[in-house]
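Take a look at the structure below.
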2 protein chains.
Amino acid sequence: MPTRSHIPRPAARRLSLYLRECESLLTQGVPTASSESLGARLGLSAAQVRRDLAYVAQAGQRGVGYDMATLVTVLQEGFGLERPWRAVLVGVGNIGRALLSYAPFRESRVAIVAAVDCDPATIGSQWGGRTVESMQSLGEVVRRGGIELGVIAVPASAAQLAADDLVAAGVRGILNFAPVQVTVPEGTACSHVDVSVELRCLAMEVALGGEHRPRRGRVGARSR
Amino acid sequence: MPTRSHIPRPAARRLSLYLRECESLLTQGVPTASSESLGARLGLSAAQVRRDLAYVAQAGQRGVGYDMATLVTVLQEGFGLERPWRAVLVGVGNIGRALLSYAPFRESRVAIVAAVDCDPATIGSQWGGRTVESMQSLGEVVRRGGIELGVIAVPASAAQLAADDLVAAGVRGILNFAPVQVTVPEGTACSHVDVSVELRCLAMEVALGGEHRPRRGRVGARSR
DNA sequence: TTATGTGAATATCTTCACAGCG
DNA sequence: CGCTGTGAAGATATTCACATAA
């Protein structure tokens, strides 16, 4: 399978959207879809869809379109999702609880399977079937659970410490919800979801009116 | 104020980070910072910082650096943040409640000031000082509150309807947390925060190991 | 005929490197 | 000097347009 080594980053993010869309279409019983129709659903041009999909596989059939079942398989493989991924949540505040309660993170291919917090009042409580453990036990939680990813949902002031702890515990990728940049050593992936930034950018876009040229879609997070 | 018309999109997202960083430095009593040091804090190259900041203003002083106070003002103006922005939340489930409880959205320049839901059991409840109103009253809530932005935090299946309702109510920008693409008419801004996508991309990045070339930072969301 | 896959053209973004201001 | 602002170069990403396969 010629999963090309160098998929452009923006394309990689879109591939995740294709995957979800294809899964959805597949469960709806749609066996096949063209780049045109996929693009329409996701707000992308047909050319873009074809280019992106060509990065991971020759999964289309000329004159017909893409076979959803094949595409789902190929995309999952491209994302390393043929095996499940386990994540630990650090920080069980408002955002943390929302994440724990969010259905897709209980069962899906990449799931939050454990949570830790430093507040004694929170430790021991249950959320979406997981019991919150102490911050100190993070290392053990990670080891015991075979956990590879960490999610940071602590206040900004504690985010860097949380990141350090996660790295020390052996996690290989971090998703940070705190509104600060965290630094991680080379070799650890780290992306950032910042809701305040999103809202601000939205305000800016509205403020600037339509004058921003109307490019097609984008999905995002920052990483290094 | 020569706020140049065409700020590249990626630059615009970073400007939001500069703004936050500068606000933070300012409250810490740091009067001035160089592109070098700002870049170090945000994981960006000095050249990038200079280029980005040059889009909004000649706010730097050669040989010295950027004056934090000036920069904050200029950036706020660039973002249309010299006036406050008000947003309404649609959908008071787990994510919705987290957003309502999230301190920065209560007070800051762009705040969530109202919430609606269609579940009678939720309507009337209070979260972070806002009382949840009925979905039907959305139009009136928007009008009464002078609201310009909408935040969608409903299940995927209801997201498009929520978007339609928001547009009908006269909102000019939408931030969508539901894991589906929503379509909005020309002239309405719409960006998308998709936590599942982020986690998946993180898994992919880890799966692919370090082989992805180590570019510098990025922040993100999709929009059109 | 329909719809993919892809070179080539274009548009966008980032980095380099240095002139020039304070 | 030190550090910004910016042309020009380089790298990435997107779109076009068409040969090609079913």
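Numbered from 1 within each chain, the chains take letters A, B, ... in sequence-line order.
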Between the protein and nucleotides 20-22 of chain C, which nitrogen or oxygen pairs are less than 3.5 angstrom apart?
from   : atom 1 : to      : atom 2 : distance (Å)
C:dG20 : N2     : B:Arg62 : NH1    : 3.4
C:dG20 : N3     : B:Arg62 : NH1    : 3.4
C:dG22 : O3'    : B:Gln61 : NE2    : 3.4

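The distance from atom CD of A:Glu36 to atom C1' of C:dT2 is 12 Å, rounded to the nearest whole Å. With rounding to whole Å, A:Tyr55 atom OH is found 17 Å from C:dT4 atom P. Rounded to whole Å, atom C1' of D:dC3 lies 15 Å from atom CG of B:Asp67. In this structure, the CG atom of B:Leu44 is 17 Å from the C1' atom of C:dC16, given to the nearest Å. If you take CG of B:Leu53 and C1' of D:dT4, they are 10 Å apart, rounded to a whole angstrom. Atom CD1 of B:Ile7 is separated from atom P of D:dG5 by 15 Å (rounded to the nearest Å).
The phosphate of D:dC3 has neither OP1 nor OP2 within less than 4.0 Å of any side-chain N or O from B:Ser34. Remark: B:Ser35 is not in phosphate contact with D:dC3, judged by side-chain N or O atoms under 4.0 Å from OP1 or OP2. For the pair B:Arg14 and C:dT14, the criterion of a side-chain N or O lying under 4.0 Å from OP1 or OP2 is met. Between B:Gln58 and D:dT4, a side-chain N or O to OP1/OP2 separation shorter than 4.0 Å is absent. A:Tyr66 has a side-chain polar atom (N or O) that falls below the 4.0 Å cut-off from OP1 or OP2 of C:dG5.
In this structure A:Arg20 satisfies the salt bridge (Lys or Arg N to Asp or Glu O under 4.0 Å) test together with B:Asp194, sequence neighbours excluded.
Among the nucleotides C:dC18, D:dA13, C:dT4, the one closest to any side-chain atom of A:Arg50 is C:dT4. Side chain of B:Gln48, nearest nucleotide from C:dT15, C:dT6, D:dT14: C:dT15.
Without hydrogens or angle criteria, A:Thr27 side chain to A:Ser24 main chain gives a donor-acceptor distance under 3.5 Å.
Looking at A:Met204 and B:Trp85, their side chains never come closer than 4.5 Å, going by heavy atoms from C-beta outward.
Not a single donor-acceptor pair, N or O on each side, falls under 3.5 Å between the base of D:dT12 and the side chain of A:Arg9. Side-chain to base pairing of B:Arg51 with C:dT15: one donor and one acceptor N or O lie within less than 3.5 Å of each other.
Applying the side-chain hydrogen bond (donor to acceptor under 3.5 Å, both in side chains) rule to pairs touching residues 92-101 of chain B yields B:Asn94-B:Arg97, sequence neighbours excluded.
The environment of A:Gln28 atom CD is dense: over 12 non-hydrogen atoms of other residues, nucleotides or ligands sit within 6.0 angstrom.
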Exercise for review: Could you give me the CA-CA distance, side-chain angles and deciding distance for B:Leu25 and B:Leu38, then say whether side-chain contact (heavy atoms from CB on, under 4.5 Å) is met?
Suggested key: CA-CA 10 Å; B:Leu25 287 172; B:Leu38 274 176; 4.1 Å; yes
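Annotation: of the two residues near DNA chain D, A:Ala11 and B:Gly65, the 5′-most nearest-nucleotide partner is B:Gly65.
Residues B:Val154 and B:Gly91 approach most closely at CG1-CA, 3.6 Å, considering heavy atoms.
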